[in-house]
Amino acid sequence: MAPHIVSYVKRISYMKRLLRIKGDVIMSEETTGGDKSYSAPALEKGLDILESLAEKESAVSLRELAERLGKSKNEIFRMIHVLIARGYVQRDSDTDELTLSPKLFGLGLRTPQSRTLLEIALPEMRLLAEEVNQAPHLVVIYKGRTVIVGSIPTTSDVTFNLHLGYGRIASEAASGRVIMAFQPQEKRALMLRDCKSHGGKPFDDRSINAILDDIRQQGHILGKSTDFLGITDICGPILNPEGDAVASIIVPHVDRVSDTDDLSQVLKAVKQACERISQKL
C-alpha cells in the first residue's frame with residue numbers, strides 16, 4: 001500500500017487503543033476502568049481491516065487478509081463489503097484483491113489544523129511556483145514519516161511533482177530533517193524514535209542530531225536529493241510563533257543540462273515563502 005494512506009490509518013489505530021465506545025458517547029479507558037462491556041467488536045474488526053491493509057505495500061486477497069487477522073473469510077466478508085460501499089476500500093474488478101482508497105487521506109486533510117495550514121500555505125505556494133517555475137510541496141511529519149499534504153504544479157515543460165500523501169521515513173528525507181531540526185530536544189527525540197520504529201537506514205542519535213543542528217544553523221537544506229537522480233532538494237521550515245516547525249516547503253528542482261537557474265535565488269524565494277506563511281500562523 002502506498003505510504004500516503006498509512007499515516008492517517010495509524011491515527012485510527014491510536015484512537016482504538018485509547019478509546020472505548022458505547023452508543024454515541026466516547027469514553028476514555030480511565031472513565032470505563034478498562035471495562036470490556038464498552039467495547040464495540042464490529043468497529044474494532046473494521047479498524048483491524050483498515051490497519052492491516054495499510055501495512056501492506058500491495059493489494060491482498062480476501063483469504064490473505066483473513067489469515068493476517070487470524071479470522072475466517074466469512075467473519076470479515078460483510079465488513080469488507082461495507083468498507084467498499086463506504087469508499088474506504090477498493091476491490092480490483094479483475095483479481096478481487098483489496099487495497100485502501102484515498103478516502104482516509106482526504107479525511108485527514110479536513111481536520112481543522114490541516115485546513116488552517118493549507119488555507120494559509122497554498123496561496124503563497126502558488127506565488128512561489130510562478131516565481132521559480134518549479135513545483136513546491138508542503139510537507140508535515142506524522143509518526144516518523146513525512147506526508148505531502150499540498151503541492152502546486154507549474155506550467156514548465158518539465159517539472160517534478162510528487163503525489164499527495166507520498167512520504168518517506170522522516171530521518172531520510174530532506175523535508176523531514178528540516179522539520180525535526182526546528183524542534184525542542186525532547187520532541188526531536190520522540191520524532192527520531194518514531195523514525196527508528198519504521199526500520200530504514202540505521203542511524204545513531206549523536207550523528208543525526210549533529211546533522212539536524214547544522215540544518216537548524218543554516219536554516220534550510222540545499223543539496224542533491226538522496227532519493228532521486230537529477231533532483232536538487234531546496235527546503236525551508238514553516239515555523240509557529242514559538243519557533244518550532246509545523247511543516248516544511250520543499251522544491252524538488254529538476255536539474256537540466258541547459259539549466260541556467262540560480263539555485264541561491266530559488267532558495268531565497270522558498271525561504272521568503274516560508275516566512276510569509278509562518279507570520280500568518
Side-chain angles (χ1 to χ4, degrees), residues 1-11 54-55 57 105 108-109 114 117-118 121 125 128 134-152 159-183 187-239 244-255 263 266-267 270-271 273-274 277:
M1 172 50 50
H4 69 278
I5 301 295
V6 178
S7 295
Y8 290 96
V9 175
K10 287 185 177 178
R11 295 186 183 183
E55 293 168 358
E57 294 292 333
F105 178 69
L109 293 182
S114 295
L117 177 60
L118 286 170
M125 291 169 63
L128 175 61
Q134 299 280 337
H137 297 70
L138 180 66
V139 182
V140 299
I141 290 179
Y142 183 73
K143 293 295 183 180
R145 292 190 67 91
T146 60
V147 182
I148 293 177
V149 296
S151 64
I152 302 295
T159 189
F160 190 84
N161 193 53
L162 295 166
H163 64 70
L164 292 181
Y166 173 83
R168 297 173 61 196
I169 299 173
S171 57
E172 300 175 9
S175 56
R177 288 184 171 187
V178 166
I179 294 172
M180 290 192 294
F182 289 84
Q183 301 297 331
K187 187 171 182 180
R188 182 195 288 184
L190 292 175
M191 287 180 161
L192 290 173
R193 185 182 67 186
D194 287 339
C195 293
K196 289 181 178 179
S197 71
H198 295 292
K201 299 176 183 178
F203 61 84
D204 67 86
D205 289 350
R206 177 176 296 181
S207 297
I208 193 67
N209 273 300
I211 292 171
L212 297 178
D213 288 343
D214 185 59
I215 293 170
R216 186 181 185 112
Q217 183 176 4
Q218 294 292 325
H220 62 266
I221 282 180
L222 191 162
K224 295 297 182 182
S225 171
T226 59
D227 199 24
F228 300 100
L229 293 174
I231 298 293
T232 296
D233 288 332
I234 304 173
C235 185
I238 295 174
L239 307 176
D244 304 331
V246 297
S248 64
I249 288 181
I250 184 166
V251 170
H253 188 279
V254 179
D255 301 329
L263 295 187
V266 178
L267 173 62
V270 169
K271 295 182 74 170
C274 289
I277 296 167

Full working for side-chain contact (heavy atoms from CB on, under 4.5 Å) between Asp233 and Ile231: CA-CA 6 Å; Asp233 288 332; Ile231 298 293; 3.9 Å; yes
Criterion salt bridge (Lys or Arg N to Asp or Glu O under 4.0 Å) on Asp205 and Arg193, from CA distance to verdict: CA-CA 9 Å; Asp205 289 350; Arg193 185 182 67 186; over 6 Å; no
For residues [X] and [Y], determine if any side-chain heavy atom of one lies less than 4.5 Å from a side-chain heavy atom of the other.
X: Leu192; Y: Phe203; result: yes
X: His253; Y: Asp255; result: yes
X: Asp244; Y: Phe182; result: no
X: Leu212; Y: Arg188; result: yes
X: Ile277; Y: Ile249; result: yes
X: Cys195; Y: Met180; result: yes
X: Ile221; Y: Ile234; result: no
X: Val149; Y: Val139; result: no

Closest approach of [X] to [Y] (non-hydrogen atoms, all atoms of both residues):
X: Ile169; Y: Gly199; answer: CD1-O, 3.7 Å
X: Leu138; Y: Ala247; answer: CD1-CB, 4.0 Å
X: Cys274; Y: Pro237; answer: CB-O, 3.2 Å
X: Ser151; Y: Leu164; answer: N-CD2, 4.0 Å
X: Arg216; Y: Gln183; answer: NH1-N, 3.5 Å
X: Ala173; Y: Thr146; answer: CB-CG2, 4.0 Å

To the nearest 0.5 Å, what is the distance between [atom1] ([X]) and [atom2] ([Y])?
X: Ser171; Y: Lys201; atom1: OG; atom2: NZ; answer: 9.0 Å
X: Lys271; Y: Leu128; atom1: NZ; atom2: CG; answer: 13.5 Å
X: Ser175; Y: Tyr166; atom1: OG; atom2: OH; answer: 9.0 Å

Any donor-acceptor N/O pair, His137 side chain to Leu162 backbone, under 3.5 Å: yes
Backbone of Arg168 reached by a side-chain donor or acceptor of Glu172 within 3.5 Å: no
side-chain contact (heavy atoms from CB on, under 4.5 Å) between Asp204 and Ser207, intermediate numbers included: CA-CA 6 Å; Asp204 67 86; Ser207 297; 2.8 Å; yes
Residue pair Ile179, Arg177: steps toward the side-chain contact (heavy atoms from CB on, under 4.5 Å) verdict: CA-CA 5 Å; Ile179 294 172; Arg177 288 184 171 187; over 6 Å; no
Passing candidate, side-chain contact (heavy atoms from CB on, under 4.5 Å) with Thr232, options Val254, Leu263, Val251: Leu263
Side-chain donor-acceptor pair present, Asp194, Ser197, cut-off under 3.5 Å: no
